[in-house]
Amino acid sequence: MRRGLIQASRSAVPTSASGVFASRAFPRTFIASRGFATAAEQDDVIVIGGGPGGYVAAIKAGQLGLKVTCVEKRGKLGGTCLNVGCIPSKALLHASHIYEDTKKYFPDHGIVFDNVKLDLGAMMKSKEKAVNGLTSGIEFLFKKNNVKYVKGFGKVSGANEVTVDLAEGGEKKLSAKNIIVATGSDVIGLPFLPIDEQRVVSSTGALALKEVPKKMVVIGGGIIGLEMGSVWRRLGTEVTVVEFTDNLCGGAADGEVAKEFKRILAKQGMKFKMGTKVTGAKVEPSSITLITEPRDGGKTEEVACDVVLCSVGRRPYLDGLGLENVGVKLDNRGRVAVDDHFRSNVPSIYAIGDCIPGPMLAHKAEEDGIAAVEIIAGGHGHVDYNVVPSVVYTHPEVAWVGQTEEQLKAQGIQYKVGKFPFKANSRARTNDDDEGFVKYLADAKTDKVLGVHMIGAMVGEMIAEPTLLMAYGGSSEDVARTCHAHPTLSEAVKEAAMATYDKAIHF
């Protein structure tokens, strides 16, 4: 069960016919009996924000028979993730990977092209096509599930009221029994380096550069910085990453995986300045010079570049929302303080996603949204933050779920480790893409899996299996004794599990 979330016992939760736990079971008779708002009454729910958390919450509310309105200021649904985050970045990661493969690695497989060229404009159009298609798809789902959609900036003007500054002009007041704040997050900038999205860019600007920079400095070695840095390095940019900590991904990834990740990215041509902070900048017409110094003290250095990607983190976006006017309390990190049911101190106001504690990930926001709506509908919502997977969509990919070795050591937990390299996996070898490994961490006594960490091709897809395993409290032996298709990359997941509770076969 998620730390600090939803303390309802399983005995009070509906189950499927087979007796399997099903917290999201809402029979039609149950919905009909709740007495939700009729067309003449106020809404049951207003969702402020149409990102992954907000639009999913709105759709779920419609599916449960609630009268719901979603307010989104952007004019396009999908939030940061779909418009200027997860989706467009993955489109560019995919396209740039194809480009680099065509230039560097296709000849190894007997496929030869002459004079391969980059058409950056066409690549950007392909990205926009994907974004626009998905955005219109959400609007279709709204109509399908009876979700009203209001375009404009929504402000909480009362415990049960939202005032919208309409995108088309004017103002509209909405009323609902419940309000869900799902406004996401915004980039954190540096005071001495204002973001203009032209030369000093956030992830938004990095997705829309009009030409390939000669040199780029990425401030921050987290997921976003490494993904966007990888895109532009593949397209020909000299990329230097300046990271304050000693590990990539800010210590969120397992230390052994992070070390291997850095080695591989460096081999690909990415440069790193670890344990380093940026203390100043000189922005000139033809170049940008960053002033850096060792985190623990030492000589300053200057790093020149054409473009700076500022990727030092994100903060909850609650600006101008009016929460203070109705007395909603925030925590010491500027997030909405919520109880075990996503409810703020104002009983009718809920919050989800990046606005509250927990990992700032789109899929976490989606689960929050579903759980919050289920609770509003009188059911039981549940999100276990201990089993929310993370993925870095570089090549190779990095994926993990659960705890790292460093975290287990800090807690004094006795554990065992099982690893399997992709170099011993037949599919990886035949694909000539065999860097990386799968690593399990399991309780030394019970064999319960506490964390799984992967680096390699397509591990973002393979992390789903360990996530499901951990959600049900499974052991490494459970996976080790499950038949996996051959030859597949997923066999490495099985073999690493075998190495944890006993011994791997092929290594």
Side-chain angles (χ1 to χ4, degrees), residues 31 36-88 128-158 160-186 317-322 342 348-355 362 365-374 376-377:
I31 296 299
F36 293 130
T38 64
E41 298 172 336
Q42 64 182 172
D43 282 348
D44 294 301
V45 183
I46 295 172
V47 181
I48 305 178
Y55 84 72
V56 168
I59 290 172
K60 189 62 180 179
Q63 291 175 345
L64 294 180
L66 301 179
K67 187 179 179 184
V68 57
T69 297
C70 182
V71 180
E72 168 55 48
K73 71 169 186 175
R74 195 185 298 269
K76 286 185 176 182
L77 294 166
T80 295
C81 174
L82 198 159
N83 290 279
V84 289
C86 315
I87 300 304
E128 291 304 318
K129 180 181 178 182
V131 169
N132 292 334
L134 289 169
T135 298
S136 60
I138 299 172
E139 290 197 37
F140 167 77
L141 291 174
F142 270 17
K143 293 176 182 177
K144 178 182 176 182
N145 292 285
N146 299 314
V147 178
K148 290 177 290 183
Y149 173 28
V150 177
K151 297 180 181 180
F153 186 86
K155 297 173 288 187
V156 178
S157 48
N160 301 97
E161 183 182 80
V162 172
T163 300
V164 184
D165 294 329
L166 297 170
E168 61 188 19
E171 183 180 276
K172 184 175 184 178
K173 290 189 180 295
L174 305 173
S175 177
K177 296 176 181 178
N178 303 281
I179 297 169
I180 298 178
V181 176
T183 47
S185 59
D186 198 6
Y317 183 77
L318 302 172
D319 301 356
L321 199 60
F342 300 97
S348 58
I349 298 178
Y350 297 72
I352 61 172
D354 290 0
C355 297
E366 291 183 358
E367 297 304 318
D368 282 357
I370 291 172
V373 168
E374 289 173 339
I376 288 171

- [ ] Report yes or no: does Asp368 contribute a side-chain atom to a donor-acceptor pair with the main-chain N or O of Gly353 at less than 3.5 Å?
- [x]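 Checking the backbone N and O of Gly353 against the side chain of Asp368, a donor-acceptor pair under 3.5 Å is found.
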For [X] against [Y], the heavy-atom pair lying closest together:
{"X": "Gly152", "Y": "Val71", "value": "O-CG1, 3.4 Å"}
{"X": "Ile352", "Y": "Ala365", "value": "CD1-O, 4.2 Å"}
{"X": "Gly184", "Y": "Cys355", "value": "N-SG, 3.6 Å"}
{"X": "Gly133", "Y": "Ser136", "value": "O-OG, 2.9 Å"}
{"X": "Gly154", "Y": "Val162", "value": "CA-CG1, 4.0 Å"}

TODO: Answer yes or no: is there a side-chain heavy-atom contact under 4.5 Å between Val181 and Leu318?
DONE: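 In contact.
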- [ ] Answer yes or no: is there a side-chain heavy-atom contact under 4.5 Å between Ile180 and Ile376?
- [x]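 Result yes, sub-4.5 Å side-chain heavy-atom pair found.
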[X] side, atom [atom1]; [Y] side, atom [atom2] - distance, nearest 0.5 Å:
{"X": "Ile46", "Y": "Tyr350", "atom1": "CD1", "atom2": "OH", "result": "14.0 Å"}
{"X": "Asp354", "Y": "Asp186", "atom1": "CG", "atom2": "CG", "result": "10.5 Å"}
{"X": "Leu134", "Y": "Lys129", "atom1": "CG", "atom2": "NZ", "result": "12.0 Å"}
{"X": "Thr183", "Y": "Ile48", "atom1": "OG1", "atom2": "CD1", "result": "7.5 Å"}
{"X": "Thr69", "Y": "Gln42", "atom1": "OG1", "atom2": "CD", "result": "11.0 Å"}
{"X": "Asn178", "Y": "Phe342", "atom1": "CG", "atom2": "CZ", "result": "14.0 Å"}

Task: Test side-chain contact (heavy atoms from CB on, under 4.5 Å) applied to Val56 - qualifying residues, sequence neighbours left out - done: Glu366, Ile370
Task: Ala58: side-chain contact (heavy atoms from CB on, under 4.5 Å) partners, not counting sequence neighbours - done: Val47, Val68, Cys70, Phe142, Val147
Open item on the list: Taking salt bridge (Lys or Arg N to Asp or Glu O under 4.0 Å) as the definition, give me every residue that meets it alongside Lys148, ordered by chain and number, with sequence neighbours left out.
Closed with: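 Per chain and number, Lys148 pairs via salt bridge (Lys or Arg N to Asp or Glu O under 4.0 Å) with Asp43.
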- [ ] With sequence neighbours excluded, give me every side chain to side chain donor-acceptor pair (under 3.5 Å) pair touching residues 160-169.
- [x]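 Applying side chain to side chain donor-acceptor pair (under 3.5 Å) to every pair that reaches into residues 160-169, excluding sequence neighbours, yields Lys155-Asp165, Ser157-Glu161, Ser157-Thr163, Thr163-Lys173.
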Task: Tyr55: side chain to side chain donor-acceptor pair (under 3.5 Å) partners, not counting sequence neighbours - done: none
- [ ] Applying side chain to side chain donor-acceptor pair (under 3.5 Å), name anything that partners Ser348, two or more places apart in sequence or on another chain.
- [x]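 Ser348: no side chain to side chain donor-acceptor pair (under 3.5 Å) contacts found.
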Please set out all donor-acceptor pairs under 3.5 angstrom arising from side-chain atoms of residues 72-84, sequence neighbours excluded.
unit_1	atom_1	unit_2	atom_2	d
Glu72	OE1	Gly50	N	2.7
Glu72	OE2	Arg74	N	2.7
Lys73	NZ	Tyr317	OH	3.0
Lys76	NZ	Asn132	OD1	3.1
Asn83	ND2	Leu77	O	3.2
Asn83	ND2	Gly79	O	2.9

